[in-house]
S.K.: 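Below you will find the structure I want to go over with you.
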Amino acid sequence: PLHTVEHLTGATYGRQGQLESIDRLLRLPNLEFRIEVLATLGEALCLGRRRVNATGAASGRFDVAAYEMDHIVLGEADGSGRLRLFEVFAVDHLGEAITRLYERHAELLETGPAHERAAATARSLGTMLTAPAVVDRAATVMASDFESVDHRPLSTWSMRGGGVFLDHLRALREVANDIVIRVQEVLALGPSAVLVRRMHSGTERLGGGTYERPFLVLFATDGDGRLARAEWFDD
């Protein structure tokens with residue numbers, strides 16, 4: 001059995017559908033197909049960037065010129081090393097894909113403390129990777145002794161205590177509109193910590209100018225899976 005989920009369209013299909021998709025793919029002229037491994041977690045899970053390009057495709061219903069497609073893919077192997085789960089994400093939804101990697105890692109663990117810790121880690125890191133500026137959600141995953149260390153010059157994100165950190169998140173909404181904080185690249189990943197490259201963009205409320213600020217951030221969880229530490233670095 002194989003279960004494939006296309007998060008872009010909501011489509012799901014099984015082994016036969018995947019084989020038919022591969023068959024169509026292999027018929028494309030001058031096909032180039034690559035998967036770059038981005039991260040692994042546990043013994044069975046792998047996250048990658050899939051790149052497909054060809055010189056064109058034509059049939060009775062459509063005719064397209066040369067094209068290239070990028071997606072983020074999550075693969076899970078069974079005990080024999082065969083693919084049993086395959087999930088596909090838009091390339092600009094890397095944060096959601098990383099979150100799903102942690103969620104699936106927790107789902108594979110037997111019920112008990114390790115499973116509960118992994119599930120809490122998935123919630124904590126998922127919140128910070130996909131909705132960091134949503135203060136109510138961030139408040140539910142913060143450890144009481146949370147610490148943030150900002151290694152960047154002229155920055156103000158070094159602090160102790162979840163309450164102070166949440167105040168900083170609220171301040172973002174006071175000085176800017178249209179805030180988007182998106183994961184662009186995962187640099188390192190483990191069961192309780194992740195290092196990513198992000199882009200923070202928005203529109204200044206005072207003056208209306210747009211801005212972009214790239215940076216690196218390390219998030220780490222404690223033994224209960226709650227967010228315990230963040231470290232910030234210049235890109």
Side-chain angles (χ1 to χ4, degrees), residues 1-105 107-108 122 125-126 129-130 180-191 194-201 212-218 235:
L2 169 67
H3 183 59
T4 295
V5 180
E6 298 268 2
H7 290 280
L8 295 83
T9 63
T12 62
Y13 45 92
R15 182 177 186 272
Q16 187 58 39
Q18 185 69 64
L19 291 174
E20 291 174 359
S21 177
I22 293 172
D23 182 64
R24 289 194 298 269
L25 188 69
L26 293 175
R27 297 174 187 269
L28 296 175
N30 299 310
L31 170 69
E32 291 186 17
F33 179 94
R34 303 184 304 279
I35 292 184
E36 172 194 359
V37 175
L38 301 178
T40 62
L41 190 58
E43 297 295 322
L45 295 167
C46 178
L47 193 69
R49 185 188 303 272
R50 182 181 67 185
R51 292 175 174 168
V52 178
N53 58 71
T55 54
S59 74
R61 292 184 297 170
F62 63 89
D63 188 354
V64 297
Y67 69 92
E68 180 173 302
M69 294 188 300
D70 280 13
H71 296 107
I72 304 298
V73 294
L74 169 65
E76 176 189 328
D78 64 14
S80 301
R82 291 176 177 268
L83 188 67
R84 68 180 175 191
L85 175 68
F86 194 67
E87 300 192 23
V88 183
F89 300 81
V91 71
D92 59 350
H93 282 63
L94 179 56
E96 287 80 357
I98 298 172
T99 300
R100 179 60 183 141
L101 177 69
Y102 278 103
E103 290 173 346
R104 187 57 185 157
H105 174 65
E107 292 168 2
L108 293 175
L125 296 181
L129 293 174
T130 60
V180 176
I181 306 176
R182 178 172 292 134
V183 177
Q184 294 185 312
E185 185 177 1
V186 55
L187 302 177
L189 183 151
V194 61
L195 175 66
V196 296
R197 175 177 287 111
R198 308 178 82 174
M199 177 64 76
H200 171 191
S201 61
E212 287 187 339
R213 187 183 190 190
F215 61 94
L216 309 182
V217 60
L218 168 70
D235 185 55

S.K.: Measuring only between side-chain heavy atoms, which start at C-beta, is Leu216 closer than 4.5 Å to Arg197?
M.R.: yes
S.K.: Can you tell me how far the CD1 atom of Ile35 sits from the CZ atom of Arg49, to the nearest 0.5 Å?
M.R.: 12.0 Å
S.K.: Should we say atom CD of Glu43 is surrounded by more than 12 heavy atoms from elsewhere, each under 6.0 Å from it?
M.R.: no
S.K.: Would you mind reporting whether Leu28 and Phe33 have side-chain heavy atoms less than 4.5 Å apart?
M.R.: no
S.K.: Can you name the residues that form a side-chain contact (heavy atoms from CB on, under 4.5 Å) with Pro214, not counting sequence neighbours?
M.R.: Met199, Asp235
S.K.: Salt bridge check: are Glu36 and Arg34 linked by an N-O gap of less than 4.0 Å?
M.R.: no
S.K.: Kindly state each residue pair satisfying ring pair (Phe, Tyr, Trp, His ring centres under 6.0 Å) with at least one member in residues 7-30, sequence neighbours excluded.
M.R.: His7-Phe89
S.K.: Give me the atom names and distance for the closest heavy-atom approach of Pro29 to Ala54.
M.R.: O-CB, 3.4 Å
S.K.: Please tell me if the side chains of Arg104 and Leu41 come closer than 4.5 Å, counting only heavy atoms from C-beta onward.
M.R.: no
S.K.: Just to verify, what does Ile22 make a side-chain contact (heavy atoms from CB on, under 4.5 Å) with, not counting sequence neighbours?
M.R.: Gln18, Leu26
S.K.: Please report the closest heavy-atom contact between Leu25 and Leu31, naming both atoms and the distance.
M.R.: O-CD2, 3.5 Å
S.K.: Per the side-chain contact (heavy atoms from CB on, under 4.5 Å) rule, which among Val5, Leu74, Thr4 passes with Phe86?
M.R.: Thr4
S.K.: So, using side-chain contact (heavy atoms from CB on, under 4.5 Å) as the criterion, who are the partners of Leu19 when residues are at least two apart?
M.R.: Arg15, Gln16
S.K.: Check side-chain contact (heavy atoms from CB on, under 4.5 Å) between Ala66 and all other residues, then give those that pass, not counting sequence neighbours.
M.R.: none
S.K.: Applying ring pair (Phe, Tyr, Trp, His ring centres under 6.0 Å), can you list everything that pairs with His200, at least two apart in sequence or on another chain?
M.R.: Tyr211
S.K.: Taking salt bridge (Lys or Arg N to Asp or Glu O under 4.0 Å) as the test, write out the residues that go with Arg24, two or more places apart.
M.R.: none
S.K.: Apply side chain to side chain contact (heavy atoms under 4.5 Å, CB included) to Val52 and His71, showing your working.
M.R.: CA-CA 9 Å; Val52 178; His71 296 107; over 6 Å; no
S.K.: Could you go through residues 94-103 and list every donor-acceptor pair under 3.5 Å that involves a side-chain atom there, pairing it with any protein atom two or more places apart or in another chain?
M.R.:
unit_1	atom_1	unit_2	atom_2	d
Thr99	OG1	Gly95	O	2.9
Arg100	NE	Glu87	OE1	3.3
Arg100	NE	Glu87	OE2	3.0
Arg100	NH1	Glu107	OE2	3.1
Arg100	NH2	Glu87	OE2	3.1
Tyr102	OH	Gly190	O	2.6
Tyr102	OH	Ala193	O	3.1

S.K.: Would you give the length of the straight line joining atom CG of Leu129 to atom CD1 of Ile181, rounded to the nearest 0.5 angstrom?
M.R.: 11.0 Å
S.K.: Could I get the full list of side chain to side chain donor-acceptor pair (under 3.5 Å) partners for Thr12, not counting sequence neighbours?
M.R.: none
S.K.: Give the minimum heavy-atom separation between Val91 and Asp70, together with the two atoms involved.
M.R.: CB-O, 3.8 Å
S.K.: My understanding is that only residues two or more places apart in sequence, or in another chain, count here; which of them pass side chain to side chain donor-acceptor pair (under 3.5 Å) with Asp78?
M.R.: none
S.K.: Give, for atom CE of Met69 and atom CZ of Arg51, the distance between the pair rounded to the nearest 0.5 Å.
M.R.: 13.5 Å
S.K.: Taking side chain to side chain donor-acceptor pair (under 3.5 Å) as the definition, give me every residue that meets it alongside Asp92, ordered by chain and number, with sequence neighbours left out.
M.R.: none
S.K.: State, to 0.1 Å, how close Leu85 and Leu2 come at their nearest heavy-atom pair, and which atoms those are.
M.R.: N-CD1, 3.7 Å
S.K.: Using the side chain to side chain donor-acceptor pair (under 3.5 Å) criterion, which residues pair with Arg27? Sequence neighbours excluded.
M.R.: Asp23
